[in-house]
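Encoded as structure tokens, the structure appears first; notes follow it.
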Amino acid sequence: MNEAVAERLSRIARLQDLLGEDKFKAISHDRAARVIEGLSIDIATIADDPAKLRAIEGIGPKIADKIAEFARTGKMSELVELEAKVPPGVLALMNIPGLGPKTVATLWKEGGVTDLASLKRIIADGTILKLPRMGAKSVEKLKESIDLAEQGSARLPLGLAAPVAERFVAAMTDVKGVKQVAFAGSLRRGRETIGDIDILVAAADGDAAHVAEAFRAMPGVAQVLVAGEKKSSVRARIAPGSARFSVEGRSGDAEVGPTVQVDLRVVPPQSWGAALMYFTGSKEFNIRLRERSLKMGLTLNEYGLFPEDDDKTPPQQRGIKPVASETEEEIFHALRLAYIPPEMREDRGEIDRAEQASAGAKSKAAKHAAAPVEGLIELADIKAELHAHTTASDGRMSIEELARNARERGFHTIAVTDHSKSSVIANGLSAERLRDHVAAIHAARKKVKGIHILAGSEVDILADGSLDYDQATLELLDVVVASPHNALSQDPATATKRLLRAIESGLVHILGHPTGRLINRRAGLSPDMAKIVDAAKANDVALEINAHWMRLDLRDTHIRAAVDAGCLIAIDCDVHAADDFDNLRFGVQTARRGWLPAEQCINTWSAQRLIGWLKRD
DNA sequence: GCCGTTTTCGGCCCGACTGTTTTCAGTCG
């Protein structure tokens, strides 16, 4: 229910903005919406308990009432009242880049605009120019924004945005006068989708102008949106996606194909840490840190952490020396916080944890080493891949090729888990073919040394929760990954029962991509995650984080719930081709967003411990 | 509408850029 509540609260906020009501009221609703979106529990479970609702940061008596009302009746009366005041097509206009509440309100009240069609009409007949602050240039920009919005403005999956950002970073590194380059924003935080790409460059003031110019002239830039010295924005072409998943509504033609907005900020080298922190966000996280700074008598901006005074001119323009600015570490330290990794910066309680960690550390050295999550998982911790396909079903590599690839990547274990018989399109194996395949896996062990090759299956969880092979067949295997592949639009109650049956079968080690969602494409199942997590914990079943950027399933909030419950997690690439191993970083980033300690992830264990666990000793 | 380590009332983050302006409003992140 979290998503539904958040969507309604944020709609209330936008309507309040539009109607010119107290903007802090709107901010409160918006903030509550974001908090609820990030919750690891389903808010429906506490909706009838006002005290529990109000214990959540950002939820007070009024918003608690609205949540309770929604849980009871399926609607929020305040939203109904607000919507009655505004024509239904007006709110959507705020999704057009460059159109904010003020402009939309003017278009509606003074220009008679009630939806996109009527907006286009007054642009076409020129009457829009009679409205205040609407000149020829504004209208030209508006037309371009409308075109863009109509092309589909779905956020770009992490795995498609990362290569574009890396291309820009590499190219900017070679520009004269550039001291440091990095990407920031939601990409650095590892969010599953990215709205735009933020590139940060450190350069001396004298170099800023030509650095910005070089950025706007990069190959692949289709259009320049903003051209300042400290800030520039362009639209850049996206390289064609992987063959296995194309991007919805975006064909792979690199010449004219889809584009993504890329923002560049140029800052002086001594401000690097402050700027990196600022542009990494999230916005909510930044606001919290600034509030904290003010309480400590300091003021934080993208140039540094400065002593607070009454002067209205920003401190960096007055030559004030910052308390900290060159690195993120020193800024966190000055704010008496442990270093918070980018993936955790979402204002989901990490600041409190970082404060406790810092306060708990006695020595100076201990304070520098303190972390909000002890042993947070890192890419290098992963030593095993437990979900991989070969040419026996729909993979591209033979058993031996797969094993050699895994060994080259430094893994001590690879599990061969081809599809089961019901996955017909994926050439799933009959029980008989599986027995031959297991023999082939055993034979491969003799040819490829230096890595444990496990015989397994990605067995379908059928619609009723039964498994696609019988018990005797599954017991031949070293590892069983059970995944839902069909009937992915089941209602939540049925889906919960289905997954619970698989978890409780006693035959499954890992629950593969538990919801079956595909980002931007298919919502997948919405089981009662609290029940799934509890059952997984009780039955010693690991929940998978499927690392493919199109899946990232479990997602961050689910992982957080699993981590809290003490449930085991597997991070796997669902390898079909050699390149798929590269997706591991996205899986690990997602795990870090869910605060997963390495210890709780079975892929980080020694071979001995992992294999012992699989044998259920 | 929410919140409290100088507050239960009076605050609520900060700067860059653009376009339409004669000094700034609106949007974005």
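Chain naming here is simple, since letters A, B, ... match the order of the sequence lines and numbering starts at 1 in each.
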Which is it for B:dT7, anti or syn, if anything within 90° of zero counts as syn?
syn

For residues 127-141 of chain A, run the donor-acceptor check on the side chains, cut-off 3.5 Å, and write out each pair with its distance to 0.1 Å, sequence neighbours left out.
{"from": "A:Thr127", "atom 1": "OG1", "to": "A:Asp125", "atom 2": "OD1", "distance (Å)": "2.7"}

Residues [X], [Y]: salt bridge by 4.0 Å N-O rule:
X        : Y        : answer
A:Lys66  : A:Glu78  : yes
A:Glu291 : A:Arg288 : yes
A:Arg34  : A:Glu284 : yes
A:Arg14  : A:Glu21  : no
A:Arg121 : A:Asp115 : no

What distance, rounded to whole Å, do you find between the two [atom1] atoms, one in [N] and one in [M]?
N      : M      : atom1 : result
B:dA16 : B:dT21 : P     : 24 Å
B:dT22 : B:dG26 : P     : 13 Å
B:dT8  : B:dG1  : C1'   : 14 Å
B:dG11 : B:dT6  : C1'   : 14 Å
B:dT20 : B:dT27 : P     : 14 Å
B:dT23 : B:dT18 : C1'   : 15 Å
B:dT7  : B:dC2  : P     : 22 Å

Using a cut-off of 4.0 Å on non-hydrogen atoms, how would the nucleic acid contact of [X] be classed: base, sugar-phosphate, or nothing?
X        : value
A:Arg265 : sugar-phosphate
A:Ile27  : nothing
A:Asp196 : sugar-phosphate
A:Leu289 : nothing
A:Ser293 : nothing

Cation-pi check, A:Arg265 to A:Phe183: give yes when NZ or CZ is under 6.0 Å from the six-membered ring centre and within 45° of the ring axis, no otherwise.
no

A:Glu302 or A:Val104: which one's nearest nucleotide on DNA chain B is closer to the 5' end?
A:Glu302

Closest-nucleotide 5' rank along DNA chain B - winner of A:Arg54 and A:Met94:
A:Arg54

Whole Å only: how far is the [atom1] atom of [X] from the [atom2] atom of [N]?
X        : N      : atom1 : atom2 : answer
A:Glu291 : B:dC2  : CD    : C1'   : 11 Å
A:Arg8   : B:dG1  : CZ    : P     : 19 Å
A:Glu284 : B:dC28 : CD    : P     : 16 Å
A:Arg34  : B:dG1  : CZ    : P     : 21 Å
A:Leu305 : B:dC14 : CG    : C1'   : 14 Å
A:Met296 : B:dT5  : CE    : C1'   : 12 Å
A:Gln261 : B:dT27 : CD    : P     : 16 Å
A:Phe279 : B:dA16 : CZ    : P     : 9 Å

A:Phe215 and A:Phe168: aromatic ring centres closer than 6.0 Å?
yes

Under a plain distance cut-off of 3.5 Å, with no hydrogens placed, do A:Ser77 and A:Glu69 share a side-chain donor-acceptor pair?
yes

Taking atom types as modelled, is there a side-chain donor on A:Thr590 or A:Asp556 under 3.5 Å from an acceptor on the other?
no

Whom does B:dT8 pair with, Watson-Crick or G-U wobble, provided both distances fall under 3.5 Å?
none

Any salt bridge (Lys or Arg N to Asp or Glu O under 4.0 Å) involving residues 177-198 of chain A? Give me the pairs, sequence neighbours left out, ordered by first then second residue.
A:Arg188-A:Glu328, A:Arg189-A:Glu346, A:Glu192-A:Arg517

Nucleotide of B:dG29, B:dG15, B:dG1 approaching A:Lys283 most closely (side-chain heavy atoms):
B:dG29

Face-to-face contact A:Phe24 to B:dC12 six-ring, under 5.5 Å, under 30°:
yes

Listed pairs under 3.5 Å, donor-acceptor, residues 101-110 of chain A side chains, sequence neighbours left out:
{"from": "A:Thr106", "atom 1": "OG1", "to": "A:Lys102", "atom 2": "O", "distance (Å)": "2.9"}

Return the residues of residues 351-362 of chain A meeting this criterion: a heavy atom under 4.0 Å from some atom of DNA chain B. Order them by number, or give none.
none

Check each residue of residues 57-73 of chain A for a non-hydrogen atom within less than 4.0 Å of any atom in DNA chain B, then write out the ones that pass by number, or none.
A:Glu57, A:Gly58, A:Ile59, A:Gly60, A:Pro61, A:Lys62, A:Ile63, A:Lys66

Side-chain N or O of A:Tyr278 less than 4.0 angstrom from OP1 or OP2 on B:dA16?
no

Among A:Ile36, A:Thr557, A:Val35, side chain to side chain contact (heavy atoms under 4.5 Å, CB included) partner for A:Asn2:
A:Ile36

Could you run down nucleotides 17-26 of chain B 5' to 3' and tag each one B, S or - for protein heavy-atom contact under 4.0 Å?
SSBS----BS

With rounding to the nearest 0.5 angstrom, report the OG to CZ distance, A:Ser282 to A:Arg348.
8.5 Å

